[in-house]
A.B. asks: 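Would you mind keeping the following structure in view while I ask a few things?
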Amino acid sequence: MLDIRFIRENLEEAETRLKTRGAGASLSGFRELDERRRTLLQETETLKALRNRVSDEISRVKDKSEVQGQIAEMREVSQRIKVLDDGLRSVEEELEAFMLTVPNIPSPETPVGSSEADNREVRRCGIIPELTFSPKPHWEIGEALDILDFERGAKITGARFTLYKDSGARLERALINFMLDLHTSRHNYIEMLPPFMVNRESMTATGQLPKFADDLFHLEGVDYFLIPTAEVPVTNIHRGEILKSSQLPVLYTAYTPCFRREAGSYGKDTRGLIRQHQFNKVELVKFVHPSDSMKDLKQLLDNAEEVLRLLELPYRVVELCSGDIGFSACRTFDIEVWLPGQNTYREISSCSSFGDFQARRAGIKFREDEKSKPEFVHTLNGSGLAVGRTVVAILENCQQEDGSVIIPQALRHYMGGLEKITAKS
RNA sequence: GGAGAGAUGGCCGAGUAGGUCGAAGGCGCUCGCCUGCUAAGCGAGUAUACUGGGAAACCGGUAUCGAGGGUUCGAAUCCCUCUCUCUCCGCCA
């Protein structure tokens, strides 16, 4: 959520910067609601002050028959207060509902643009393998090795669900452990294993609700949602808390499965592991001091890139433009891994700063020192990495002409020493 | 699923014949004093949000004792609903 006071005082500027996201983002209607709210608030508070004062006077009088007049008068004041409060509540609900649908303002560093096409490539890293044969897509490799079973995944559940088998399942688990170990032991993140279902408040705090309910799986019988990313439960760890500034930055990493409806992407990536309703991800989440949040974002990005460097997978970093960043984000870098089977780069991580947008929704603050007022922290997060897509990248980049796949050196320890996945005869 | 108990400030913990309770007391913390060091001691301070005024320091108002509603001139205290926590039984990994 945006800072209401900032908007009140800088409506033009806020509106202009918001518009760089596209036509949808607007603050029209804000001024009127905000003013109605403050008018009602002042009226009702004036009456409450009167009532408090007179009630106090009444309490000092022993013989209540002397104050029947005041009591009757206050009875009417109370009724008037009730009416004003009802009006106030409905205006506040309207304002709140409106503000919850306004996206974050892109940071000044975010390149202005209208779509994916305006994203800016930042760098390319790693060496694209020179294959002496025509590379296969991962679904063919995985099926030939009998480590990915798309048909049975679909039988068990439906489209966009996959059964991992044998070395495939092991590879997925190896990657999760590898990533968690890297981030905890080398990058100083604390490991968390949060609930995979969250309530409505948590989804609202990080920005998935109210606008993106269609992307979420909602449970029947209880008002819980399956998490679309660990960002939701992990950011909500500190919802409604005031942290000490000495605690900052707080760094968490978490493995979770992620569940997404993928509504509106019916034709896209129908084959393979790229777009699943359920996939695994190791997430990085940071709560930081506002003053160095961009530095923190670069560092988080580097932590995610390190996974690819160690796995020796080629990738590039892309900075998203204003028209392409997510609802809650103010600045985002995507990491895209090279996929030879599809001859293209595909997103494997998205690292964002949310400024104080999520912190304000979630009420996550810190105190500079004992005396100072609490301020909102900045929240950041990024995939470190999407595990399924990392499997895809390994299968496609490390494939051999004979159909086998060489396990990256860094992962072999986690694969029980296995160097290569080969088809069983 | 059945039965019962509870939810108060950073923590512990008073407060139920409704008013002087934003809330005793203790601990913790901050500042000052004292002090060979440490400990102890003494004094002062120590919630959050919204809102009005002010350049600001700051001053004023309102709300908040799990959440929401009700009764009342007035609710931490009475009534209703919900949520969560704990104990016992059942069930289960």
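Naming: A, B, ... by sequence-line order, numbering from 1 per chain.
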A.B. asks: Quick check for you: among B:G70, B:U51, B:A63, whose closest atom lies nearest to any side-chain atom of A:Lys82?
C.D. replies: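 Nearest to the side chain of A:Lys82 among the choices is B:G70.
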A.B. asks: Using the ring centroid of each side chain, check whether A:Phe287 and A:Phe366 are separated by less than 6.0 Å.
C.D. replies: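 No - the distance between ring centres of A:Phe287 and A:Phe366 does not fall below the 6.0 Å cut-off.
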A.B. asks: Grab the two heavy atoms, one from A:Leu385 and one from A:Ser349, that are nearest each other, plus how far apart they are.
C.D. replies: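 So the minimum-distance heavy-atom pair works out to CD2-CB, 3.8 Å.
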A.B. asks: With a 3.5 angstrom cut-off on both distances, give the Watson-Crick or G-U wobble partner of B:A55, or none if there isn't one.
C.D. replies: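 Pairing partner, where one exists within any strand: none, as none qualifies.
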A.B. asks: Just by distance, no angles: are the side chains of A:Gln276 and A:Glu262 close enough, under 3.5 Å, to form a donor-acceptor pair?
C.D. replies: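 No.
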A.B. asks: Distance check needed: B:C50 P versus A:Glu96 CD, whole Å only.
C.D. replies: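 Answer to the nearest Å: 12 Å.
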A.B. asks: In plain terms, say whether A:Arg346 and A:Asp334 are close enough for a salt bridge, that is, a side-chain N and a carboxylate O under 4.0 Å apart.
C.D. replies: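 Salt bridge: no.
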A.B. asks: Can you tell me the base-pairing partner of B:G19? Count Watson-Crick or G-U wobble geometry only, both distances below 3.5 Å, and say none if there is no partner.
C.D. replies: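 Across all strands, the one nucleotide that pairs with B:G19 is B:C73.
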A.B. asks: Measuring from the side chain of A:Ile58 (C-beta onward, heavy atoms only), which nucleotide among B:G74, B:G19, B:G61 has the closest atom?
C.D. replies: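 Nearest to the side chain of A:Ile58 among the choices is B:G19.
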A.B. asks: Let me know, please, whether A:Lys373 or A:Val54 comes out on the 5' side of the other along RNA chain B by nearest nucleotide.
C.D. replies: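 By nearest-heavy-atom nucleotide position, the 5'-most residue is A:Lys373.
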A.B. asks: Please state whether the phosphate of B:G69, meaning OP1 or OP2, lies under 4.0 angstrom from any side-chain nitrogen or oxygen of A:Arg89.
C.D. replies: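 Yes, because at least one side-chain N or O of A:Arg89 sits under 4.0 Å from OP1 or OP2 of B:G69.
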A.B. asks: Counting only side-chain heavy atoms from C-beta out, which of B:U62, B:U51, B:C73 sits nearest to A:Lys48?
C.D. replies: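 That would be B:U62.
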A.B. asks: Please give the nucleotide sitting opposite B:C91 as a Watson-Crick or G-U wobble pair, both distances under 3.5 Å, or none.
C.D. replies: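 Checking every strand shown, B:C91 finds no partner, since no pair has both distances under 3.5 Å.
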A.B. asks: Would you mind telling me which residue lines up with the more 5' stretch of RNA chain B, A:Leu41 or A:Ser372, judged by nearest nucleotide?
C.D. replies: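 Result of the comparison: A:Ser372.
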A.B. asks: If you check the A:Arg38 side chain, which of B:A47, B:G52, B:G70 turns out closest?
C.D. replies: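 Of the candidates, B:G52 comes closest.
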A.B. asks: Provide the Watson-Crick or G-U wobble partner of B:A44, both distances under 3.5 Å; none if there is no partner.
C.D. replies: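 The answer is B:U30, by the H-bond criterion.
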A.B. asks: Considering only side-chain heavy atoms of A:Pro374, which listed nucleotide, B:C84, B:C50, B:U48, is closest?
C.D. replies: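 The listed nucleotide nearest to A:Pro374's side chain is B:U48.
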A.B. asks: Side chain to side chain contact (heavy atoms under 4.5 Å, CB included) between A:Ser322 and A:Arg331: does it pass, once the steps are laid out?
C.D. replies: CA-CA 8 Å; A:Ser322 57; A:Arg331 195 174 189 199; over 6 Å; no
A.B. asks: Would you mind pulling out the nucleotide paired to B:C50, Watson-Crick or G-U wobble, both distances under 3.5 Å?
C.D. replies: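 Across all strands, the one nucleotide that pairs with B:C50 is B:G61.
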A.B. asks: Under a 3.5 Å cut-off for both contacts, is B:A67 paired Watson-Crick or G-U wobble with anything, and if yes, with which nucleotide?
C.D. replies: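 B:A67 is paired, partner B:U81.
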A.B. asks: When both hydrogen-bonding distances must be under 3.5 Å and the geometry is Watson-Crick or G-U wobble, what is B:U38 paired with, if anything?
C.D. replies: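 Paired with no nucleotide.
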A.B. asks: If you check every side-chain atom of A:Ile242, which of B:C73, B:G61, B:U48 has the closest atom?
C.D. replies: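 Closest nucleotide among those given: B:U48.
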